[in-house]
*Asks:* 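Take a look at the following structure, please.
Only this structure's heavy atoms are used, side chains among them; waters, hydrogens and symmetry mates stay out. Per chain, numbering begins at 1; letters A, B, ... match sequence-line order.
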Number of protein chains: 2
Amino acid sequence: MQRDPPTGKITIIDIARAAGVSIKTVSRVINQEEGVGDETRARVLEIVATMGYRPNVSARSLSSRRSYLIGVIFMRVGAYHYVGEVQVGAMRACRRAGYHLVVEQVLPPEAVGGVQGFAEGLRDARFDGVVLTPPTCDDPEVLAAVETAGLPYVRIAPHREFERSPYVFMDDRKAAREQTLRLWNMGHRRIAFIDGPADHGSAARRRQGYIEALRDRGVEPRPEWIAKGEFLSLSGFDATERLLALPERPTAIFAANDEMAVGALAAAAKHGLSVPRDLSVVGFDDTPTAEAAWPRLTTVHQPTAEMAEAAVEMLIDGFGDERFRARVAARQLDYSLVQRDSAAPPLA
Amino acid sequence: MQRDPPTGKITIIDIARAAGVSIKTVSRVINQEEGVGDETRARVLEIVATMGYRPNVSARSLSSRRSYLIGVIFMRVGAYHYVGEVQVGAMRACRRAGYHLVVEQVLPPEAVGGVQGFAEGLRDARFDGVVLTPPTCDDPEVLAAVETAGLPYVRIAPHREFERSPYVFMDDRKAAREQTLRLWNMGHRRIAFIDGPADHGSAARRRQGYIEALRDRGVEPRPEWIAKGEFLSLSGFDATERLLALPERPTAIFAANDEMAVGALAAAAKHGLSVPRDLSVVGFDDTPTAEAAWPRLTTVHQPTAEMAEAAVEMLIDGFGDERFRARVAARQLDYSLVQRDSAAPPLA
DNA sequence: CATGATTACGACAACGTTGTCTATGGGTGT
DNA sequence: ACACCCATAGACAACGTTGTCGTAATCATG
């Protein structure tokens with residue numbers, strides 16, 4: 001077909017001509033395949049650099065069946081700081097390896113066409129692989145859709161079926177344990193915990209860590225010190241009200257996430273308690289809220305971006321591998337305790 | 001080349017065979033071109049549906065030079081709620097039109113390879129168009145890179161050069177004016193404003209609206225009632241301390257964004273002032289922080305997702321158009337006032 | 001020095017669409 | 001009955017890469 005006049009775009013053919021080799025040889029150099037002499041390789045590379053050649057992704061993927069696209073799947077994209085963090089990390093890894101990042105959303109169950117529309121999107125986007133974030137990483141329908149599409153995937157912080165695919169995670173339990181001990185070591189003996197939603201795996205693990213820490217110190221945590229919460233600030237507020245109404249009032253409150261910790265701060269203010277003088281409050285996650293709160297929250301930093309980065313790395317590394325899914329690998333990342341202004345030793 | 005045994009994937013050829021037409025006709029149906037009889041079209045469509053055929057994006061884009069990818073460009077992806085909101089809206093529009101969304105980041109000036117790496121990414125991602133978010137939408141280097149790449153683009157809330165491209169925006173000035181009047185109508189007469197960074201266009205427009213509102217009511221705003229801020233909660237805290245130290249203490253504080261409003265809440269608490277009884281505080285943006293704060297912030301909802309959605313729509317609609325950039329269109333979206341718990345009439 | 005193995009490279013088809021051009025058939029006007 | 005036109009549809013090349021396979025040149029081996 002006679003198409004446009006020369007577009008000006010340089011193709012592999014131009015490079016081949018300039019280097020005096022065949023296009024296949026250029027292709028080999030570009031793709032770092034072997035079977036090219038050192039001298040030839042150097043010459044081609046130089047010409048590629050000076051002419052500023054960049055391979056055409058579409059042609060490439062049509063021929064090789066690789067799209068150089070990685071999908072990140074979220075359930076709710078809006079309003080969560082988490083989404084941005086994940087993308088930062090994922091993009092870092094993508095850029096390093098010459099991939100691009102496509103954001104895909106599974107509409108939540110209540111929306112029309114939820115997983116259905118998602119599955120279609122999966123099919124025509126032709127990802128080389130996808131990263132599943134919570135809670136999509138534990139959704140049976142989503143997993144089924146991804147597996148049906150035959151896509152390699154890595155999950156971030158899954159709660160179940162750890163044998164099902166590679167994943168990355170951090171040790172919530174251990175972090176919560178340390179967070180609790182930090183309060184203990186400041187001198188707190190009446191430490192309460194604000195729990196997360198029942199079905200939320202990381203909430204359960206954090207509670208577990210809290211309980212373990214107290215038991216480690218020879219204290220059996222009292223049931224009334226564990227207040228039910230929903231990961232929302234209002235629920236943190238309510239839980240704190242209940243805790244402060246106890247006959248033996250806690251001197252420190254450990255909320256399972258930062259948002260509830262902010263609610264706890266508000267409740268403390270309402271009761272005329274100054275934080276951290278009269279009451280210590282600590283959170284978990286290290287979201288921007290923790291930094292914006294007043295006083296700034298002492299919390300646990302969850303390496304969200306790094307987890308996403310690791311996930312994408314695992315994915316890309318796995319591409320060479322046949323039977324990717326079979327090789328169930330897991331990579332653990334380190335949390336860190338963040339010391340700010342909302343926790344201090346109790347008044348003597 | 002002899003490649004894999006039949007992959008099972010259905011191609012346009014299968015559809016053509018099943019429908020008893022040529023592949024070109026199927027192509028025409030898929031792309032909604034004319035020149036196909038109603039009956040033929042219906043038959044093809046049905047077969048496409050029953051066989052679940054989806055065109056191969058790579059082949060398509062190789063041949064047609066359209067990638068069906070839209071890029072959203074951010075400067076900082078992490079930590080900002082804004083990013084997620086933009087993506088929600090952009091994704092909605094993309095999905096409707098069969099496009100996918102690729103996230104791209106211009107590394108901030110301090111990072112190595114900032115715009116450089118971005119420009120390269122632009123070139124090989126082959127977007128059909130991009131959406132620029134603030135502050136990238138006013139960065140001369142970014143604009144140059146996009147224009148050099150010959151990409152159509154739409155800007156979200158630009159501050160300058162409105163003639164340079166299509167854009168979407170909301171009327172910050174008017175919204176701030178209404179927000180101020182809301183306080184006025186509650187009975188407040190000493191209304192202070194916490195300003196944003198000097199170079200931030202929307203901050204300037206919001207300040208303008210505040211000033212206008214007061215003048216409308218015959219009050220010349222006093223310079224000491226406009227406190228410098230940096231859009232961060234700490235700066236809101238500091239600004240509020242200065243405002244509360246004034247001989248004639250304001251009864252209401254309007255912060256140019258929610259984060260600073262949260263800082264203001266903290267300062268109020270420190271001074272033993274109960275919000276909204278002793279002091280009203282209102283914000284701007286309606287970020288999740290506003291809902292999480294205590295008391296929940298009365299603020300102005302910025303339709304971030306909708307703006308992004310509109311931007312993508314404009315982009316896609318413009319594709320048919322030659323001379324896209326020449327047709328500088330602008331689309332305005334409506335804000336809305338959000339009534340929560342942080343503002344009330346002043347004590348008599 | 002003949003033989004087989006290895007290395008470096010090229011020719012050519014294939015990936016699955018869309019663009020251009022051409023062919024066919026039925027209706028219309030005269 | 002004739003030319004003409006429009007609506008419909010197909011043939012075929014082209015998009016820019018990579019996969020497969022072949023081949024010439026080089027090397028080690030007995």
*Asks:* Using whole Å, report how far CD1 of B:Ile12 lies from P of C:dG16.
*Replies:*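 Computing the B:Ile12:CD1 to C:dG16:P distance gives 11 Å.
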*Asks:* Does any N or O in the side chain of B:Ser63 come within less than 3.5 Å of the main-chain N or O of B:Arg60, such that one atom is a donor and the other an acceptor?
*Replies:* no
*Asks:* How many whole angstroms separate atom NZ of B:Lys9 from atom C1' of C:dT17?
*Replies:* 15 Å
*Asks:* Write down the atom of B:Phe74, the atom of B:Gln87, and the distance for their closest heavy-atom approach.
*Replies:*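 Closest heavy-atom pair between B:Phe74 and B:Gln87: CE1-NE2, 3.7 Å.
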*Asks:* So do B:Asp138 and B:Arg155 actually touch side chain to side chain, heavy atoms under 4.5 Å?
*Replies:*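 Of all side-chain heavy-atom pairs linking B:Asp138 with B:Arg155, at least one is under 4.5 Å.
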*Asks:* What are the residues of residues 48-59 of chain A, sorted by number, that bring a heavy atom to within less than 4.0 Å of DNA chain D?
*Replies:* A:Tyr53, A:Pro55, A:Asn56, A:Ala59
*Asks:* Please report the shortest heavy-atom distance between B:Tyr53 and B:Thr11, naming the atom on each side.
*Replies:*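 Taking B:Tyr53 first and B:Thr11 second, the nearest heavy atoms are CE1-C, 3.6 Å.
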*Asks:* Calculate the interatomic distance between A:Leu62 atom CG and C:dA14 atom C1'; express it in whole Å.
*Replies:* 9 Å
*Asks:* So, under a plain 3.5 Å distance rule, would you say the side chain of A:Ser63 forms a donor-acceptor pair with the base of D:dT17?
*Replies:*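 Per atom types, the contact qualifies.
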*Asks:* Could you check how far CZ of A:Arg66 sits from P of D:dT18, rounded to whole Å?
*Replies:* 11 Å
*Asks:* Closer than 3.5 angstrom, by distance alone: can the side chain of B:Asn31 be matched with the main-chain N or O of B:Glu33 as a donor-acceptor pair?
*Replies:* no
*Asks:* What orientation do B:Tyr68 and B:Tyr99 show, parallel under 30°, tilted 30 to 60°, or perpendicular over 60°?
*Replies:* tilted
*Asks:* Please work out whether the ring planes of A:Phe127 and B:His100 are parallel, tilted or perpendicular, with thresholds of 30° and 60°.
*Replies:*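 Rings of A:Phe127 and B:His100: perpendicular, over 60°.
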*Asks:* What residues in residues 22-46 of chain B put a non-hydrogen atom under 4.0 Å from any atom of DNA chain D?
*Replies:* B:Ser22, B:Lys24, B:Thr25, B:Arg28, B:Gly35, B:Val36, B:Gly37, B:Thr40
*Asks:* Write down the distance between CZ (B:Arg60) and P (D:dG16), rounded to a whole number of angstrom.
*Replies:* 18 Å
*Asks:* Can a side chain N or O of B:Arg65 be found less than 4.0 Å away from OP1 or OP2 on D:dG16?
*Replies:* yes
*Asks:* Within the side chain of A:Ser67, is there an N or O that forms a donor-acceptor pair under 3.5 Å with the backbone of A:Arg126?
*Replies:* yes
*Asks:* For a quick test of reading the model, state the closest non-hydrogen atom pair linking B:Tyr153 to B:Pro166 and the distance between them.
*Replies:* O-CD, 3.7 Å
*Asks:* Just the rounded figure in Å: distance from P of C:dC15 to CD1 of B:Ile10.
*Replies:*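 It is 16 Å, rounded to the nearest whole Å.
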